[in-house]
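Structure, as structure tokens:
Note that ligands are numbered from 1 as they come in the structure, with each ligand's atoms numbered from 1 the same way.
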Amino acid sequence: MSKRTIVALPGDGIGKVVLDEAIRVLEAAGFEADYVTGDIGWEFWCKEGNPFPQRTIDLIEKHKICLFGAITSKPKDAAFAELSPELKEKNLVYSSPIVSLRQHFGLDICMRPTKSYIGNPLNFIRRGANNTIEEPAVDAVIFRQNTEGLYGGVEWSNPPAQVYDALMTHPKFRQNFGSHPKEEISVSTRIFTKKFTTRILRAAFEHARKYGYKSVTLCEKPNVIRETSGMMYKLAQEIQKADYKEIELWNTNIDAQMMWLTKNPEDYGVIVAGNMFGDIASDGFAGLIGGLGFAASAQFNPDSGVGVFEPTHGSAPKYADYPVSIVNPIAMIESACMMLDYIDEQPIAAKIRKSVAEVIAEGKVRTYDMMKMTGRPDVIARGAASTQQMGDAIIAKL
Ligand code: NAI
Ligand code: MG
């Protein structure tokens, strides 16, 4: 059998550091692959005026499976200022390569597991009856629609006349906004389509069935956002009734869900939501299991098979130049495990997860975040493990 080729997209800052660590762990676990590096991120914006060059798109089209570190994004003015002088005349506008990647490849399914590791000092704890301390075992998987909704990019400030006129035909718009000058109005749309709403719902139910979760919770706000959340809830009910009778469908509102986050997080299994509420719910749950050092994600398109696996965190530029890297590579390593699941290498993924669990349970090797230190170069001298030492500890368990 020929070896697989994985597109490695290191990106910026700590992206490269954690990606190297994940590849080291994959190799130690016996995953055989060739890695080709794709250019993406700030460096390519500055040098070429394009943070997501066509050659990278071609590589992804060819090989389909990507491990992604993180990129740096900056506001428009800062982006222009750092552009190479000879490109400044060209009217280039910076846009985030992550968003471009998502849109170009239609990565409509985003999956973010949040499962607590036994012994992680960052796990959420709460007070029980009689002053007992409870540490609930969190195991929620958030399915977030990744291409539509509030992040769909259809928005205007001072909307064009046709848009404004169309909005004025809506009685609520006339009533609530009709007296404001057009120039003072900004509009961001929240568009849901039946096709992609159905896809994220089905992906959530399928995952629940495959991994034995007893419930799927739709986390939206159908009582207020009647058209989009309402459609999603209705579709969820139909899909559950038709094809997933053994799985319970729960319905929570995003605001209440955030309030309940600390009350009963252990009750939730699979959670499914639109783009923005999925983003919020997944960050909320990630906070219960250790935060950015532990938050992994997968984004994929079931039609083309293109899948991008990346930690939720960004490029943390202030840590990128430390002589010894201090950041936690576990989120990236977990993301690599999600890649292995996706390409049917579950046994290797299970082996890696077991090793990570052992290192955390043992508690001898902990990165600065796990020791609740402020990230500074001196954390190593104060007993925190470096990024590489964490990688070494996981590899030793393998
Ligand atoms: P960030 O996630 O890079 O860092 C925020 C803070 O979280 C860090 O200062 C650090 O204290 C902690 N942190 C992050 N990753 C960690 C790790 N692996 N181990 C331990 N601690 C960790 O977010 P920030 O500072 O808001 O953004 C920095 C840059 O990253 C920006 O340019 C932003 O646009 C970009 N970004 C990129 C993302 C991506 O590539 N998917 C996602 C989020 C931000
Ligand atoms: Mg987020």
Greater than 12 external heavy atoms within 6.0 Å of Gln54's CD: yes

Non-hydrogen atom of Tyr368 closer than 4.0 Å to ligand 1: yes

Residue portion contacting ligand 1 (non-hydrogen atoms closer than 4.0 Å) for Pro317: side chain

Ring centres under 6.0 angstrom apart (Tyr342, Phe300): yes

Identity and distance of the protein heavy atom lying nearest atom 29 (C) of ligand 1: Ser315 OG, 3.3 Å

Subset of ligand 1 atoms that lie under 4.0 Å from at least one heavy atom of Ile98: 39 (C), 40 (O), 41 (N)

Evaluation steps, side-chain contact (heavy atoms from CB on, under 4.5 Å), between Arg353 and Glu334: CA-CA 7 Å; Arg353 288 190 177 112; Glu334 278 285 337; 3.7 Å; yes

Atom 38 (C) of ligand 1: the protein heavy-atom neighbour that sits closest, reported with distance to 0.1 Å: Gly314 CA, 3.4 Å

Heavy-atom donor-acceptor pair, Lys372 side chain to Pro121 backbone, under 3.5 Å: yes

Presence of salt bridge, Lys16 and Asp20, under 4.0 angstrom: yes

Nearest non-hydrogen protein atom, atom 35 (C) of ligand 1: Ile71 O, 3.1 Å

Atom 18 (N) of ligand 1 - nearest protein heavy atom and its distance: Asn328 O, 3.0 Å

Under-4.0 Å heavy-atom contact with ligand 1, by part of Leu292 that carries it: side chain

Any residue meeting side-chain hydrogen bond (donor to acceptor under 3.5 Å, both in side chains) with Tyr322, in chain and number order, not counting sequence neighbours: none

Proximal atoms of ligand 1 relative to Glu310 (non-hydrogen, under 4.0 Å): 41 (N)

Heavy atom of protein closer than 4.0 angstrom to atom 27 (O) of ligand 1: no

Structural part of Lys318 in contact with ligand 1, heavy atom criterion under 4.0 angstrom: side chain

Sidechain N-carboxylate O distance under 4.0 Å for Arg190, Glu148: no

Salt bridge Asp283-Arg144, side-chain N to carboxylate O under 4.0 Å: no

Asp12 touching ligand 1 at heavy-atom level, < 4.0 angstrom: no

Top protein contact for atom 4 (O) of ligand 1, by heavy-atom distance: Ala316 CB, 4.0 Å

Which of the ligand 1 atoms, numbered from 1, are nearer than 4.0 Å to a heavy atom of Thr72: 32 (O)

Sub-4.0 Å protein heavy atom near atom 15 (N) of ligand 1: yes

Pair Asp243 + Arg202, salt bridge at N-O below 4.0 Å: yes

Shortest protein heavy-atom distance from atom 10 (C) of ligand 1, along with the residue and atom involved: Tyr319 CE1, 3.4 Å

Residue Ala70 vicinity, atoms of ligand 1 by number, heavy atom under 4.0 Å: 40 (O)

Verify atom 24 (P) of ligand 1: protein non-hydrogen atom under 4.0 angstrom away: no

Thr312: numbered ligand 1 atoms lying under 4.0 Å from its heavy atoms: 42 (C)

Under-4.0 Å salt bridge between Asp341 and Lys210: no

Protein heavy atom at shortest distance from atom 33 (C) of ligand 1: Ser73 N, 4.0 Å

Region of Lys74 engaging ligand 1 - heavy atom pairs below 4.0 Å: neither

Aromatic ring proximity Tyr94/Trp42, centre distance under 6.0 Å: yes

Close approach of Val18 to ligand 1, heavy atoms, under 4.0 angstrom: no

Ion pair check, Glu266 and Arg126, cut-off under 4.0 Å: yes

Phe192 CZ to Glu220 CD distance, which is reported to the nearest 0.5 Å: 4.5 Å

Residue-ligand contact Ala331/ligand 1, heavy atom below 4.0 Å: no

For Val327, atoms of ligand 1 separated by under 4.0 Å from a heavy atom: 17 (C), 18 (N), 19 (N)

Side-chain ion pair, Asp34 and Arg4, N-O less than 4.0 Å: no

Sub-4.0 Å heavy-atom approach of Gly375 to ligand 1: no

Val154: hydrophobic cluster co-members (side-chain, 4.5 Å): Trp156, Val163, Tyr164, Leu167, Met168, Phe173, Phe177, Ile185, Val187, Ile191

